[in-house]
Amino acid sequence: MNKVNNNDLPVANNFIRNIITEDLKTGKHTNIITRFPPEPNGYLHVGHAKSICLNFGLAQEFKGKCNLRFDDTNPEKESEEYVKSIEETIKWLGFNWDGEVKHASDYFDKLYEFAVYFIKQDLAYVCDLSAFEMREYRGNLTEAGKNSPYRTRSIEENLTLFQAMKNGEFADGSKTLRLKIDMSSPNINLRDPVIYRIKRASHIRTGDKWCIYPMYDYTHSISDALENITHSCCTLEFEDHRPLYDWVISHLVTAGLLNSHPRQIEFSRLALQYTVTSKRKLNELVQLGLVSGWDDPRMPTLVGMRRKGYIASGIRLFATRCGVSKSPNIVDVPFLESAIREELESKAPRIMAVFDPLKVVLTNFDQGATSRNASFHPQCDELGERLVELSQEIYIDQSDFLIDAIPGWQRLVLGGEVRLRHSYVIKCHEVIKNRAGEILELRCSIDLNTLGKNPEGRKVKGVIHWVSIPHAVKANVRLYEQLFTEVQPDNAEDGRDFKEFINPNSLKEVSAFIEPAIKTAKPEQVFQFERVGYFVADMKDFNATNNQFVFNKTVSLKDGWK
RNA sequence: AGGGGAGUCGCCAAGUGGUAAGGCAUCGGAUUUUGAUUCCGACAUUCGCAGGUUCGAUCCCUGCCUCCCCUGCCA
């Protein structure tokens with residue numbers, strides 16, 4: 001962890017960097033081009049953050065380029081909504097792609113032309129097998145497949161048929177174009193893979209121009225080559241596809257149709273404890289109303305994390321710390337949270353907020369100061385200061401008072417003293433209870449000689465936060481816990497559905513009394529509520545001018561007590 | 001079972017034929033008007049297991065075990 005890229009992130013060594021360094025050293029490449037190729041069929045999640053940081057990060061570090069390319073080859077699943085969100089999220093994360101946004105669909109003509117080439121080389125044929133039949137012919141993991149009866153069609157017939165497919169002369173699903181490779185290959189991806197299917201669906205970019213669409217493997221390899229990608233990084237499940245990736249490109253390079261051969265490199269996906277990241281499952285959570293939407297702060301989506309107050313630099317730090325390898329992994333939640341805290345530490349203004357109010361009457365308040373300037377951050381003066389006002393009646397948190405002290409207790413106790421943060425040391429003289437014995441309020445006196453200095457002759461160790469009742473602003477705060485109660489909700493030993501592990505306490509809405517300084521906050525601004533945690537003004541619901549003070553809990557502070 | 005991968009501290013993760021980086025977590029201790037931050041210190045005689053080669057192996061060889069991925073006209 002010593003080098004630094006444009007985002008000022010430390011760079012950890014990994015096998016992909018080693019490959020690039022070597023390629024640059026040997027002169028195989030003089031500069032690199034990577035790419036981030038999402039399909040616009042959903043919202044980006046933490047796993048994508050890893051890939052984004054890797055691809056864009058590599059380009060930055062080695063002064064290369066990184067393209068954003070939408071892999072839009074399956075119109076049925078794709079939409080403009082996702083395109084917009086993906087672009088926005090990448091920018092929010094702090095990255096910029098090189099040049100214009102690219103699309104696999106930009107290459108549809110090229111892809112068609114190359115398919116014709118493969119047919120002419122007798123390396124592709126139109127197949128009439130139904131989906132069911134094709135599955136039968138494919139064989140299985142241990143048995144070889146058998147050749148399609150259509151495999152021997154003449155080049156001329158294939159040419160005619162493929163054109164007819166393109167012209168819409170056949171029904172959806174009635175024919176496919178397949179590469180002629182090897183039906184007995186132990187690698188199933190090489191058993192005459194389908195590269196074109198007939199699908200009458202309107203495409204977000206090409207509309208109804210096409211009724212045949214190219215498949216992923218065929219499209220991706222060619223798109224990478226056309227963009228002169230040098231290193232095509234993807235996740236481990238594509239390892240088996242690499243031979244096909246290379247097969248397609250090699251043939252086209254040999255034919256002089258393509259002039260570069262990108263290298264596909266696979267790394268392991270990022271998995272996080274207590275969550276799921278499969279698009280299908282995430283979508284289920286949204287559709288079933290188990291969460292409020294894709295941007296629900298409990299979601300592992302990047303829009304969700306953003307709404308929770310996870311700042312981009314924190315996510316980048318997290319991704320970098322996770323590293324890149326081929327080992328299976330399930331990252332600890334504290335690992336993520338510590339990266340977020342670390343980035344928030346120096347950026348979040350401190351403010352006081354009381355969640356479970358306990359009224360305290362300061363009996364000799366009339367002799368004290370009514371307000372005091374307090375820094376927004378104990379170490380970073382540049383964050384400025386605000387006026388903290390004191391009055392006779394204040395709230396402290398119930399958890400900061402005990403009638404009788406317990407071992408190690410550093411907070412207020414009957415007869416004891418404690419420092420009010422940014423203010424006086426107070427001493428509790430009396431506890432007022434109702435008939436039921438519940439504590440209603442405390443009577444305390446302030447030590448007038450302790451403003452900005454320690455009392456003489458004794459040490460008051462405890463410091464608690466508080467808020468002046470007449471000045472306090474009441475806010476709604478949403479407290480979050482993990483969405484699931486299981487470490488791996490989608491991998492239960494007994495095969496139970498992930499939704500059975502939804503945490504019933506994952507969202508709790510409470511109110512809090514906060515210092516009036518909160519009134520000038522803007523949506524998406526993160527604060528540290530001292531001694532409690534980091535909280536963000538909700539992007540959508542926080543509206544100071546309408547007195548709607550809505551906060552989401554981002555992450556707790558580390559707590560050494562207990 | 002066929003093919004492709006992976007197994008280094010509780011969680012990530014470097015590393016190399018020469019005697020195990022770092023981060024998170026954890027545990028001590030110092031400072032502190034946040035039990036936060038910061039700062040010190042501790043934390044794998046050991047690298048899935050068993051053999052072999054070697055002066056020497058986590059790194060090389062052999063065998064075994066465990067886990068992941070692959071039988072979409074998804075990506």
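Residue numbers begin at 1 in each chain, while the letters A, B, ... track the order of the sequences.
- In this structure, A:R197 reaches the B:C74 phosphate: one of its side-chain N or O atoms is under 4.0 Å from OP1 or OP2.
- With contacts defined as side-chain heavy-atom distances shorter than 4.5 Å, the pair A:R35/A:L68 does not qualify.
- Here the P atom of nucleotide B:A13 and the CD1 atom of A:I330 are 11 Å apart, to the nearest Å.
- Looking at the side chain of A:K459, the nearest of the listed nucleotides B:U34, B:U32, B:G4 is B:U32.
- Using a 4.0 Å heavy-atom cutoff across all strands shown, A:H465 reaches no nucleic acid atom at all.
- Residue A:S338 is classed as a sugar-phosphate contact, given heavy-atom separations below 4.0 Å to backbone atoms only.
- In this structure, A:G145 reaches neither bases nor backbone, as no heavy-atom distance under 4.0 Å exists between it and the strands shown.
- Checked by atom type and distance alone, the side chain of A:R411 never pairs as donor or acceptor with a backbone atom of A:I464 at under 3.5 Å.
- With the 3.5 Å cutoff on both pairing distances, Watson-Crick and G-U pairs in RNA chain B assemble into runs of at least 3 at B:2-7 with B:65-70, B:10-12 with B:22-24, B:26-30 with B:38-42, B:48-52 with B:60-64.
- Between A:G173 and A:N187, the one whose closest nucleotide on RNA chain B sits nearer the 5' end is A:N187.
- We find that CG of A:N329 is positioned 11 Å from P of B:G7, with the value rounded to whole Å.
- For A:K146 and A:Y137, the positive end sits near the middle of the six-membered ring, less than 6.0 Å away and at most 45° from its axis.
- Heavy atoms of A:V460 sit nowhere under 4.0 angstrom from any nucleic acid atom.
- The same atom, C1', is picked in B:U19 and in B:U8; the two are 15 Å apart, to the nearest Å.
- Here A:G462 lies out of heavy-atom contact (under 4.0 Å) with every strand.
- Residue contacts for A:N140: at a heavy-atom cut-off of 4.0 Å it reaches a base atom on one of the strands shown.
- Closest non-hydrogen pair, A:V194 versus A:M134, comes out as CG2-SD, 3.5 Å.
- As a whole-Å value, the separation of A:L282 CG from B:A75 P is 20 Å.
- Taking the O4'-C1'-N9-C4 or O4'-C1'-N1-C2 dihedral as appropriate, B:G72 has a value within 90° of 0 and is therefore syn.
- Rounded to an integer number of Å, the gap from A:F318 CZ to B:C11 C1' is 11 Å.
- Side-chain atoms of A:K558 lie closest to B:A36 of the nucleotides B:A36, B:U33, B:G2.
- Comparing the C1' positions of B:U26 and B:C9 gives a spacing of 12 Å, expressed to the nearest Å.
- Contact check, A:N18 against B:G15: a side-chain N or O comes under 4.0 Å of OP1 or OP2.
- In this model, no side-chain donor or acceptor of A:R135 finds a partner on the base of B:G72 within 3.5 Å.
- Atom CD of A:Q379 and atom C1' of B:U33 are 12 Å apart (whole Å).
- Listed nucleotides B:U71, B:G35, B:A75 differ in distance to A:T73; the shortest reach to its side chain belongs to B:A75.
- Nucleic acid contact class of A:Y213 (heavy atoms, under 4.0 Å, all strands): none.
- Here the side chain of A:S325 is nearest to one of B:A13, B:C74, B:G5, namely B:A13.
- Distances from the side chain of A:S327 to the nucleotides B:A36, B:A13, B:G3 place B:A13 closest.
- Between the side chain of A:Q528 and the base of B:U34, a donor-acceptor pair under 3.5 Å is found.
- In terms of phosphate contacts, A:K326 brings no side-chain nitrogen or oxygen within less than 4.0 Å of OP1 or OP2 of B:G4.
- On a pure distance criterion of 3.5 Å, no polar donor-acceptor pair joins the side chain of A:R531 and the base of B:U34.
- A:M352 comes within 4.0 angstrom of no nucleic acid atom, judged by non-hydrogen atoms across all strands.
- A stacked arrangement is assigned to A:W561 and the six-membered base ring of B:G35, with a centre-to-centre distance below 5.5 Å and an interplanar angle below 30°.
- Nucleotides B:G3 and B:C73 are separated by 23 Å at their P atoms, to the nearest Å.
- Applying side-chain hydrogen bond (donor to acceptor under 3.5 Å, both in side chains) to A:E417 and the options A:K427, A:K461, A:R458 leaves one that passes, A:R458.
- Within the structure, a side-chain polar atom (N or O) of A:R138 is placed less than 4.0 Å from OP1 or OP2 of B:G72.
- When all heavy atoms of A:A369 and A:L451 are compared, the pair lying nearest together is CB-CD2, 3.9 Å.
- Heavy-atom minimum distance, A:T554 versus A:V536: OG1-N, 3.7 Å.
- Distance check on atom P: B:A6 versus B:C61 gives 14 Å, rounded to whole Å.
- Counting only heavy atoms from C-beta on, A:F335 has its side chain closest to B:C24 among B:U34, B:A75, B:C24.
- Distance noted for atom P between B:C24 and B:C39: 10 Å (whole Å).
- Using a 4.0 Å heavy-atom criterion, one finds that A:K453 contacts the bases of the nucleic acid, with or without backbone contacts as well.
- Taking atom CZ of A:R411 as the reference point, atom P of B:A36 lies 11 Å away to the nearest angstrom.
- Across the C1' atoms, B:G35 and B:G29 are found 15 Å apart, a figure rounded to whole Å.
- Out of B:A75, B:U33, B:G23, the shortest distance to the side chain of A:R321 is found at B:G23.
- Relative to the side chain of A:K461, the nucleotides B:G35, B:U32, B:A25 differ in distance, and B:U32 lies closest.
- One N or O on the side chain of A:H203 and one on the backbone of A:D72 form a donor-acceptor pair closer than 3.5 Å.
- When the C1' atom is used for both B:U71 and B:G7, the distance is 26 Å, rounded to whole Å.
- At least one donor-acceptor pair under 3.5 Å links the side chain of A:N187 to the backbone N or O of A:N189.
- Of the two residues contacting RNA chain B, namely A:H422 and A:E342, the nearest-nucleotide position lying further toward the 5' end is that of A:E342.
- Without hydrogens or angle criteria, A:D447 side chain to A:V425 main chain gives no donor-acceptor distance under 3.5 Å.
- Look at OH on A:Y218: it is 22 Å from P on B:G72, rounded to the nearest Å.
- With B:C69, B:G5, B:A13 as the choices, the nucleotide that has an atom nearest any side-chain atom of A:E239 turns out to be B:G5.
- At the heavy-atom level, A:L451 lies under 4.0 Å from base atoms of the strands shown.
- In this structure, the CG atom of A:L557 is 7 Å from the P atom of B:U37, given to the nearest Å.
- Residue A:P378 is classed as a base contact, given a heavy-atom separation below 4.0 Å to a base.
- Among the nucleotides B:C12, B:U71, B:C73, the one closest to the side chain of A:I188 is B:U71.
- For the pair A:K553 and A:Y534, the cation-pi test (distance below 6.0 Å, angle within 45°) is failed.
- Among the atoms of the strands shown, none is found under 4.0 Å from any heavy atom of A:S185.
- Judged by distance alone, the side chain of A:T176 and the main-chain N or O of A:R178 form no donor-acceptor pair under 3.5 Å.
- Atom C1' of B:U46 sits at a distance of 7 Å from the matching atom of B:A20, rounded to the whole Å.
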